[in-house]
Amino acid sequence: MQSVSFSDLGLSPELLKAVKEMGFEEASPIQASTIPALLSGKDVAGLSRTGSGKTAAFAIPAVECVDASLGAPQVLILCPTRELAVQVAGEVAKLSAFKRGVKELAIYGGASYGAQFRGLENGAQVIAGTPGRIMDHLDRGSLRLDAIKMVILDEADRMLDMGFRDDIATILQQAPPARQTAFFSATMPSAVEQLIKRYTSNPMWVRLETRAEAAPDIDQCYFEVGHGSRIGALCRVLEATNLRFGIIFCSTKNAVDGVTEHLVAEGYQADRLHGDMSQAMRERVMRRFRDRKLEFLVATDVAARGIDVDDIEVVLNYDLPRDPEDYVHRIGRTGRAGRSGRAISFATPREMFALERIFRLTRIKIRRERMPTPAEAAQKRIEVLVETARALIATGTVSKAHFGAKALLSDGTEPEVVIEALLHLLTHRKATGAKSSGANQDNDSRADVVPSGGPRAPKHGDSGEKPRREARSYRSDGPRPEWQDRGARPQREYGGNRERPVANKPAFKTERPTRAPQRGPR
DNA sequence: AAAAAAC
């Protein structure tokens, strides 16, 4: 398809202005075909693997079709996760910035009813939400669908996976039959086809090439890891690659908690996202991630679909999803909007079958990479530090440290030795006594301390604590936290490199403290 | 198999 400008799509001046304001010039293929179809009143069935402008493809016609003089829900967008509903509502808000009187509202569980009641009473016309809470509002009578003109189901296959079939049916039955309906789905299992047959009439089919475009510009590789050495492998790769902004996917909530705590203890700005957290916390974390106050978001597959955060450098698969589709969704969080991205996976020998299935689905060879040795990782770290220091010097942002430099040099130590010592300190974060502060605290106060490159600032590193490194006691038989591979035994990691078993790292014990003799009264 | 989703 040749490039299509938004100005050729027949949009109103208000929408066109909003689109321009958002920085869009050319319509993506799915937008170029979906927008005119929806504007002309047709139903749409879209097969689209990942984001690639899909939200705008339905949100633009959604805003266009709203009668701003009528304060009743006119467009309903159903999403599989709460974060997605929030994100879609945000997109609608931007697109309707210049169309006066158009109000959007996100309706989803875990959030207070007050704002949702108010939004509905205020006459919001575009509703983005998750099925449960929408049903709830329908039951309460606070949401009525009789003025609905358009219903959009985003990630329809996922919604069926999650058992929303009956809810979808109930909701669609309450919307006027004359409405428009659009389905978007990453895959087209027969259940979704049935849904489309039943709830659309003569839809226009939009298919995005699933193979080639599955991963437009994502560099994909994997590391083979031994059972139980995932966390060590993850940390080493993070160290050796100088990645600054990414999502780390885990298949279980338990693993998400464990990985988050570990990374926080290592000094990373990391936080977690999964369904056992309060909705308020989920939203706070997402906001901090979007604002780049976090380096790494550790998440279950709740974040695998649709989440659109700008410029995510890397997606790390701490483990491989069992469903190869989920792999494609996960890595689709990076390399968005024409940018390049990276996907790094960790696979145990047992997971190689999953990798094979992913190969078959994507037809993309995922490169195998050798685990960097600790020495290589450390070397890389120093290189990054030196580069970062050069950048700091160039921008002249180091003045606050000046008195410290003077102090260190005042006793006549060679500058080189001083620098060496500082670099050593920085490459041994834990040596400065940084403690896990708990994965889930609100770390806003510290957020700006993170250097934009280089190592993480030790959290309590400036309080003159003495290095604790030598005092560490190593255990080889400690209990393994549940979030690591079950049944794993301490063993050499990474296919036989001579390295110390990661299981011996003391940080593991923060998960499940051993009952050591207590010092003093409790 | 796990995850997600109303109270």
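Throughout, protein chains are lettered first and strands after them, A, B, ... in sequence-line order, and every chain is numbered starting at 1.
- Side-chain rings of A:Phe58 and A:Phe184 approach one another, their centers coming within less than 6.0 Å.
- With rounding to whole Å, A:Arg330 atom CZ is found 11 Å from B:dA3 atom P.
- Regarding contacts with the backbone of B:dA4, every side-chain N or O of A:Arg305 stays at 4.0 angstrom or more from both OP1 and OP2.
- Look at A:Arg158 and you won't find any side-chain N or O under 4.0 angstrom from OP1 or OP2 of B:dA4.
- Checking B:dA3, B:dA5, B:dA1 against the side-chain heavy atoms of A:Lys253 singles out B:dA3 as nearest.
- We find that CZ of A:Arg165 is positioned 20 Å from P of B:dA5, with the value rounded to whole Å.
- Relative orientation of the A:Tyr113 and A:His137 rings is tilted, given thresholds of 30° and 60° on the angle between their planes.
- For the pair A:Gln220/A:Tyr327, a side-chain contact is recorded, criterion being any heavy-atom separation below 4.5 Å from C-beta on.
- One can place CE of A:Met135 at 21 Å from P of B:dA4, the figure rounded to the nearest angstrom.
- Rounded to an integer number of Å, the gap from A:Asp326 CG to B:dA4 C1' is 11 Å.
- The nearest whole Å value for the distance from the CG atom in A:Asp166 to the C1' atom in B:dA6 is 15 Å.
- A:Asp301 comes within 4.0 angstrom of no nucleic acid atom, judged by non-hydrogen atoms across all strands.
- Rounded to a whole Å, the NE2 atom of A:His137 is 14 Å from the C1' atom of B:dA5.
- Phosphate contact (OP1/OP2 of B:dA1, side-chain N/O of A:Thr252, threshold under 4.0 Å): absent.
- By the side chain to side chain contact (heavy atoms under 4.5 Å, CB included) test, A:Ala18 is found to be paired with A:Phe98, residues two or more places apart in sequence or in another chain being considered.
- Counting any heavy atom pair closer than 4.0 Å across all strands shown, A:Phe249 reaches no nucleic acid atom.
- A:Asp276 places its CG atom 13 Å from the P atom of B:dA2, with the value rounded to the nearest Å.
- Residue contacts shown for A:Arg282 are limited to sugar-phosphate atoms, with no base heavy atom under 4.0 Å away.
- For A:Arg282, the salt bridge (charged side-chain N to carboxylate O under 4.0 Å, His left out) partners two or more places apart in sequence, or in a different chain, are A:Glu83.
- OP1 or OP2 of B:dA4 has at least one side-chain nitrogen or oxygen of A:Thr300 nearer than 4.0 Å.
- Atom CG of A:Leu78 and atom P of B:dA6 are 11 Å apart (whole Å).
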